[in-house]
**Q** 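Quick one: structure below, then a few questions.
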Amino acid sequence: MFYIALFLRTFLLLSPIMLFFYQENGLNYKHLFLFQGIFYLTSIVAEFPVGYICDFFPRRNIIVTSFIIYITMLLLWLTFHGFGIVLMGEILFAISKVMMDNATSGYLYDYLVRSSKENFMVKYYGYLNFFLAAGTAFAGICGSYIYVHSGSQIILITEILFMSAATISMLFLPNIKRQRHEKPRRRIKEFIAVTKNLCKNNEIKYHICYSGVLTAFSILFVIGFQPIMQNALFPIYVFGIVTFVNHGIRAISSFLAGKVKKYISIKAFVKPLYALYIFAFTLIFLTGIIKNKLIIFILLTIICLIIGCQLLFSIMHVSRLHKFVDIKHRGSLMSVNNTVSRGLTAAVLISSKFFLDKISLLSFYQIAFGIFIVINTYVMLKLSKIED
């Protein structure tokens with residue numbers, strides 16, 4: 001029931017046609033980049049208060065609250081329109097997602113401990129990520145179909161029904177009380193101390209930076225998909241197919257992460273992934289030159305495969321981090337890792353709006369490519385000197 005609730009929560013019918021929804025509200029693809037940047041910036045700001053709340057209140061209640069906040073966002077978008085309402089909705093979405101992200105894995109672990117199955121956390125956490133990605137993947141197909149035949153209003157109403165079902169499902173699950181509670185000041189001091197130690201540890205800091213840059217640029221690729229497809233005059237159902245492919249690959253990557261780790265180390269993965277990203281940028285550039293829709297679709301699919309490889313690296317990276325700190329500091333280390341990743345993503349997306357006001361989308365990607373080369377070449381050289 002827990003997995004079903006999360007599947008329903010990530011059944012985001014708007015995801016494949018978000019650009020069209022923005023345009024209905026008088027916005028354009030530049031605002032899509034900007035608002036997604038604000039989304040990640042809000043996630044950073046919300047990280048500490050949400051983390052504190054998750055330690056204080058039962059995690060099931062936090063998950064239910066996050067679902068209710070998301071439903072509130074949908075009701076706002078259903079009732080009102082315009083720049084401010086869309087932005088407010090994205091901010092609420094960010095808060096909802098941070099609450100869900102902070103509480104779901106903890107709730108799963110608490111439940112497994114109560115069932116004396118905590119040794120199977122990796123297995124069940126992999127399944128959790130599979131259902132999260134699968135929900136958005138199938139929503140891609142359904143969302144584009146509903147939009148073509150009924151419009152965005154019906155999509156919002158349908159999402160509200162799915163989110164309500166997810167909320168009700170969570171209420172049937174056991175409410176496991178938390179034993180641990182830290183004061184906010186202590187949590188902040190611990191975060192600062194872990195950050196200082198991290199900056200001195202080459203075995204950690206360069207991996208966090210590398211993973212953060214890859215995450216930021218993978219999100220930049222994904223957000224650019226819809227403007228690219230609209231410029232190429234793709235029919236709307238293709239938007240759904242691309243969303244399905246993207247999140248379907250992410251679901252498969254999550255499912256196979258444990259097996260892949262047996263055959264390739266994280267150090268051996270660094271250079272091939274760097275080369276794949278250069279290839280992804282090349283494919284993006286080709287979409288601005290080639291006019292054949294089938295070829296553009298194939299190029300976007302290949303980029304989705306590369307993003308799937310990035311997710312594999314991220315899972316391996318997070319798994320690796322745990323061995324460098326004792327259990328009481330793991331939460332703070334994960335917060336540092338998430339803050340770096342979200343911060344880089346917010347910086348890339350928010351700055352993109354100012355570039356896109358002056359240059360074309362293709363020219364912006366050329367600038368982004370130059371920045372990627374400079375940063376990741378430096379970090380990759382540092383990583384090559386570190387023992388696996």
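Since the model is a prediction, treat every value here as computed from it, not as a measurement.
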**Q** OG/Ser351 to CD1/Ile367 distance, rounded to the nearest 0.5 angstrom?
**A**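 If I round to the nearest 0.5 Å, the distance is 10.0 Å.
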**Q** Can you pull out every salt bridge (charged side-chain N to carboxylate O under 4.0 Å, His left out) where at least one residue sits in residues 334-350? Sequence neighbours excluded, please.
**A**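 Of all non-adjacent pairs touching residues 334-350, those that pass salt bridge (charged side-chain N to carboxylate O under 4.0 Å, His left out) are Glu47-Arg342, Asp101-Arg342.
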**Q** Return the set of residues passing side chain to side chain donor-acceptor pair (under 3.5 Å) with Thr377 (not counting sequence neighbours), or none when no residue passes.
**A**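 Result, side chain to side chain donor-acceptor pair (under 3.5 Å) vs Thr377: Tyr274.
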**Q** In Å, rounded to the nearest 0.5 Å, how long is the span from CD of Glu159 to OG of Ser152?
**A**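 So the gap between those two atoms works out to 11.0 Å.
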**Q** In the structure I gave you, are the side-chain heavy atoms of Tyr365 and Leu220 within less than 4.5 Å of one another anywhere?
**A**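 With C-beta onward as the side chain, the pair touches.
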**Q** Is a donor on one side and an acceptor on the other found under 3.5 Å between the side chain of Thr79 and the backbone of Leu76?
**A**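 No: the side chain of Thr79 does not pair with the backbone of Leu76.
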**Q** Specify the closest pair of heavy atoms between Lys293 and Phe234, including all atoms of both residues, with the distance to one decimal.
**A**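 For Lys293 and Phe234, the tightest heavy-atom pair comes out as O-CZ, 3.2 Å.
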**Q** Can you tell if the side chain of Phe11 reaches within under 4.5 Å of the side chain of Cys142, non-hydrogen atoms only?
**A**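 A side-chain contact under 4.5 Å exists here.
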**Q** Dump the intermediate steps for side-chain contact (heavy atoms from CB on, under 4.5 Å) on Ile85 and Asn25, then the final yes or no.
**A** CA-CA 9 Å; Ile85 290 298; Asn25 283 271; 5.7 Å; no
**Q** Can Val348 and Thr345 be said to form a side-chain contact (heavy atoms from CB on, under 4.5 Å), step by step?
**A** CA-CA 5 Å; Val348 168; Thr345 303; 5.9 Å; no
**Q** Is the backbone N or O of Leu171 less than 3.5 Å from a side-chain atom of Arg60, with the two atoms forming a donor-acceptor pair by type?
**A**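 Indeed, once roles are kept as given, a pair shorter than 3.5 Å links the two residues.
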**Q** Locate the shortest heavy-atom distance separating Cys209 from Leu344; write the atom from each residue and the value.
**A**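 Smallest heavy-atom distance, with atoms named: O-CD1, 4.2 Å.
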**Q** Heavy atoms, side chains only, cut-off 4.5 Å: are Thr104 and Leu108 in contact?
**A**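 Of all side-chain heavy-atom pairs linking Leu108 with Thr104, none is under 4.5 Å.
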**Q** Would you say Phe217 and Phe369 make side-chain contact, with heavy atoms under 4.5 Å?
**A**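 They are not in contact (no side-chain heavy atoms under 4.5 Å apart), so the answer is no.
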**Q** What are the two closest heavy atoms between Pro16 and Gly240, and how far apart are they?
**A**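 In this case the closest contact between Pro16 and Gly240 is CB-CA, 3.8 Å.
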**Q** Are Val374 and Phe364 connected in a single hydrophobic cluster, I mean Ile/Leu/Val/Met/Phe/Trp/Tyr linked by side-chain heavy atoms less than 4.5 Å apart?
**A**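 No, no single cluster joins them.
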**Q** Is a donor on one side and an acceptor on the other found under 3.5 Å between the side chain of His207 and the backbone of Ile204?
**A**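 Not at all, since once roles are kept as given, no pair shorter than 3.5 Å links the two residues.
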**Q** Got a list of side-chain donor-acceptor pairs under 3.5 Å for residues 3-10, not counting sequence neighbours?
**A**
unit_1	atom_1	unit_2	atom_2	d
Tyr3	OH	Tyr124	O	2.8
Arg9	NH2	Ser96	OG	3.4
Thr10	OG1	Leu6	O	3.0
Thr10	OG1	Phe7	O	3.2
Thr10	OG1	Leu132	O	3.0

**Q** Scan the side chains in residues 277-291 for donor-acceptor partners under 3.5 Å anywhere in the protein, sequence neighbours excluded, and list what turns up.
**A**
unit_1	atom_1	unit_2	atom_2	d
Tyr277	OH	Leu214	O	2.8
Thr282	OG1	Ile278	O	2.9
Thr287	OG1	Ile284	O	2.4

**Q** Answer with yes or no whether the hydrophobic clustering places Val238 together with Leu294; edges join I, L, V, M, F, W, Y residues whose side-chain heavy atoms lie under 4.5 Å apart.
**A**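 In one cluster with Val238: Leu294, yes.
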**Q** With sequence neighbours excluded, tell me which residues meet ring-ring contact (aromatic ring centres under 6.0 Å, His included) with Phe244.
**A**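 With neighbours one apart ignored, the set is Phe138.
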**Q** Can you list everything that forms a side chain to side chain donor-acceptor pair (under 3.5 Å) with Thr158? Sequence neighbours excluded, please.
**A**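 Expected list: none.
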**Q** Is Ile371 reachable from Met380 through a run of hydrophobic residues whose side-chain heavy atoms are each under 4.5 Å from the next?
**A**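 Met380 clusters together with Ile371.
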**Q** Could you tell me which residues satisfy salt bridge (Lys or Arg N to Asp or Glu O under 4.0 Å) with Lys353, sequence neighbours excluded, listed by chain and number?
**A**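 For Lys353, the residues satisfying salt bridge (Lys or Arg N to Asp or Glu O under 4.0 Å) (neighbours in sequence not counted) are Asp357.
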**Q** Let me check something: any side-chain donor-acceptor pairs from residues 33-44 under 3.5 Å, sequence neighbours excluded? List them with distances.
**A**
unit_1	atom_1	unit_2	atom_2	d
Gln36	NE2	Glu90	OE2	3.1
Thr42	OG1	Ile38	O	2.8
Ser43	OG	Phe39	O	3.0

**Q** With rounding to the nearest 0.5 Å, note down the distance linking CD1 in Ile63 to CD1 in Ile68.
**A**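 One gets 12.5 Å once the value is rounded to the nearest 0.5 Å.
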**Q** Looking at every non-hydrogen atom in both residues, tell me the closest pair between Leu19 and Gln230 and how far apart they are.
**A**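 Shortest heavy-atom contact: CD2-OE1, 3.4 Å.
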**Q** Using side-chain contact (heavy atoms from CB on, under 4.5 Å), reason through Leu173 and Met170 one step at a time and then give a plain yes or no.
**A** CA-CA 5 Å; Leu173 295 175; Met170 283 301 305; 3.6 Å; yes
**Q** For residues 297-316, dump all side-chain donor-acceptor pairs below 3.5 Å to protein atoms at least two apart in sequence or in another chain.
**A**
unit_1	atom_1	unit_2	atom_2	d
Thr301	OG1	Phe297	O	2.9
Gln310	OE1	Ser218	OG	3.4
Gln310	NE2	Thr215	OG1	3.1

**Q** Is there any side-chain hydrogen bond (donor to acceptor under 3.5 Å, both in side chains) pair reaching into residues 232-251, and which pairs are they, with sequence neighbours excluded?
**A**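 Output for this query is empty, none listed.
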**Q** Which distance, rounded to the nearest 0.5 Å, do you find between the CG of Leu32 and the CG of Leu27?
**A**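 Between Leu32 CG and Leu27 CG, I get 9.5 Å after rounding to 0.5 Å.
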**Q** Give the C-alpha distance, both sets of side-chain angles, the deciding distance and a yes or no for side-chain contact (heavy atoms from CB on, under 4.5 Å) between Met18 and Gln226.
**A** CA-CA 8 Å; Met18 204 66 192; Gln226 291 187 24; 4.0 Å; yes
**Q** Considering non-hydrogen atoms only, spot the tightest contact between Val379 and Tyr206 and give its length.
**A**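 Residues Val379 and Tyr206, closest heavy atoms: CG1-O, 3.4 Å.
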**Q** Using modelled atom types only, decide if a donor and an acceptor are shared between the side chain of Tyr22 and the backbone of His31 within a distance under 3.5 Å.
**A**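 Not a single qualifying donor-acceptor pair exists.
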**Q** Quick one: closest heavy-atom pair of Ser15 and Leu12, and the distance?
**A**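 Scanning both residues, the minimum pair turns out to be OG-O, 2.7 Å.
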**Q** Quick one: pull up CG in Asn61 and OG in Ser66 and give me the separation to the nearest 0.5 Å.
**A**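 Asn61 atom CG to Ser66 atom OG measures 11.0 Å (nearest 0.5 Å).
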**Q** Looking at OG1 of Thr65 and CD1 of Ile95, how far apart are the two atoms once the value is rounded to the nearest 0.5 Å?
**A**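 Thr65 atom OG1 to Ile95 atom CD1 measures 12.5 Å (nearest 0.5 Å).
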**Q** Are Ile375 and Leu381 co-members of a hydrophobic cluster defined by side-chain heavy atoms under 4.5 Å apart?
**A**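 No, separate clusters.
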**Q** Is it true that Leu233 and Leu361 fall in one hydrophobic cluster, defined by side-chain heavy atoms closer than 4.5 Å?
**A**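 In one cluster with Leu233: Leu361, no.
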**Q** Output all residues satisfying ring-ring contact (aromatic ring centres under 6.0 Å, His included) with Phe239, sequence neighbours left out; order by chain, then residue number.
**A**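 Only Phe20 meet the ring-ring contact (aromatic ring centres under 6.0 Å, His included) criterion with Phe239.
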**Q** Tyr107: which residues meet the side chain to side chain donor-acceptor pair (under 3.5 Å) condition with it, sequence neighbours left out?
**A**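 Side chain to side chain donor-acceptor pair (under 3.5 Å) check on Tyr107 returns nothing, list empty.
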